[in-house]
Amino acid sequence: MGLRKLTGTDGFVVVDLDDADGSAGLMRLAPKILPSGARELARSATYAFASVGMPRSGASGGINARPDARADAVEAFVAECEPWVAGGEFLPDAGKGLNATDLAPLQAQDPRHPIRLRASGGISLADRLAGCGAVAAVATALGGLEGRRLVIEGCGPAGAAAAAAAAARGATLSGVASGSGFCSAPAGAGLDATALAEAWAAHGPDFVQHLDGPCSDAADVWGAADDVLLVGSKMGVLDHTTATDLTVTAVGCLHPVPFTTRALVVLQAAGALVLADFICLAGPLFAAWPGELASLEGGAVTAEAIEQAASSAIADLVSETVEHPDGAFLGACHHAESFLATWRQQLPFGRPIAA
């Protein structure tokens, strides 16, 4: 795993597999981004590529900048990254602290498919695919979502897409949390997925305060989860302490590497299905490389066709791995590693899970 320090600003890029033809993954910005977290994100991206049969490397990086230096730091990163993008060495996606506008100057050099469709409510196609993919994964693992109760932790645009997809499959949205708080459904009802999407589009992360239900502290989300939980706020947010108090049937992911190793052990010991983040979140790869991954009738590259192809592939992956004797997460790891072994003599050390 190689670490490349930026020269134009304080930052770095971690490439997981140095011998891969190219790499891609999240780039983040904050006053202090640690390489250790970037390594975990890069490994998760590697396993996502492997899960869908792509011999590419995951990568991730950080730009260390305070708010007053943000603009200059982003400009310097974009200038330094442009030749890497043109050569396919590193294709960055906007993670926390960055947005698509920040990386827009790199799009002309980016070899990925230029589809930039928007879903309803201003949700990007990538977020839509992430949310729908996570729901497809959980629905497959549980044999459907009809009558299931769903709680979303760390709900952003992908969470809004997941809420709509889950509602379409018959699930009830019992509660949703963002950084600004937690909103639970009114007694005897569920939160309205359409209203949630509209609130997100209008208010961003503060949307929970505008939903029809009682609001409280964001940490209350854990106590409300009693059936299906989607975790989406940050790396390692679900640790063993939190996991000990959960009584859930299944855990899906809306953010890479959201649970720790000890949390996985606790949850599985309690009988919960814990799905791999790199399978739940594989959907955006189908929009980036539709020619390689998506079987599109008549060659039509549309958001609907890509979503159908991605959700179907994710469902197949879960079906293949969910019954693994060591659990769904490790089953997914073994599946990804079997592909990695076809083009690498040695597997990378360590699996994509928070310490």
Any carboxylate oxygen within less than 4.0 angstrom of a Lys/Arg side-chain nitrogen, looking at [X] and [Y]?
| X | Y | value |
| --- | --- | --- |
| Arg262 | Asp239 | no |
| Asp21 | Arg56 | no |
| Glu146 | Arg169 | no |
| Asp110 | Arg112 | yes |
| Asp10 | Lys5 | no |

| said: Over 60° means perpendicular and under 30° means parallel, so tell me whether Trp84 and Phe90 are parallel, tilted or perpendicular. | reply: tilted
| Parallel, tilted or perpendicular: ring planes of Phe278 versus Tyr47, cut at 30 and 60 degrees | perpendicular
| task | Before giving the answer on side-chain hydrogen bond (donor to acceptor under 3.5 Å, both in side chains), spell out for Ser23 and Glu89 the whole-Å C-alpha distance, their side-chain angles and the decisive distance to 0.1 Å. | result | CA-CA 6 Å; Ser23 68; Glu89 295 176 61; over 6 Å; no
I want to check something: taking the side chain as every heavy atom from C-beta on, are [X] and [Y] in contact at a cut-off of under 4.5 Å?
| X | Y | value |
| --- | --- | --- |
| Val248 | Val151 | no |
| Phe339 | Val52 | no |
| Leu238 | Thr260 | no |
| Cys132 | Arg128 | yes |
| Leu229 | Trp222 | yes |
| Ile63 | Met27 | yes |
| Leu340 | Pro348 | yes |
| Phe77 | Leu29 | no |

| request: Dump the intermediate steps for side chain to side chain contact (heavy atoms under 4.5 Å, CB included) on Thr321 and His334, then the final yes or no. | output: CA-CA 8 Å; Thr321 58; His334 287 304; over 6 Å; no
| query | Looking only at heavy atoms, which two atoms of Cys155 and Phe207 are closest? And how far apart? | reply | O-CE2, 3.5 Å
| task | Compare every heavy atom of Leu281 with every heavy atom of Pro256, then report the nearest pair and how far apart it is. | result | N-CD1, 3.5 Å
Give a yes or no answer on whether the side chain of [X] reaches the backbone of [Y] with a donor-acceptor pair at less than 3.5 Å.
| X | Y | value |
| --- | --- | --- |
| Glu80 | Gly8 | yes |
| Ser178 | Ser180 | yes |
| Asp102 | Asn99 | yes |
| Arg351 | Ile353 | no |
| Asp16 | Gly58 | no |

| task | Examine the side chains of Asp226 and Thr247 and answer whether a donor and an acceptor come within less than 3.5 Å of each other. | result | no
| Neighbour count >12 (heavy atoms, 6.0 Å) for atom CD, Glu323 | no
| message | Tell me whether Leu34 shares a hydrophobic cluster with Val237, the cluster being built from Ile, Leu, Val, Met, Phe, Trp, Tyr side chains joined at under 4.5 Å. | response | no
| query | Roughly how far, to the nearest 0.5 Å, is the CG atom of Leu275 from the SG atom of Cys280? | reply | 5.0 Å
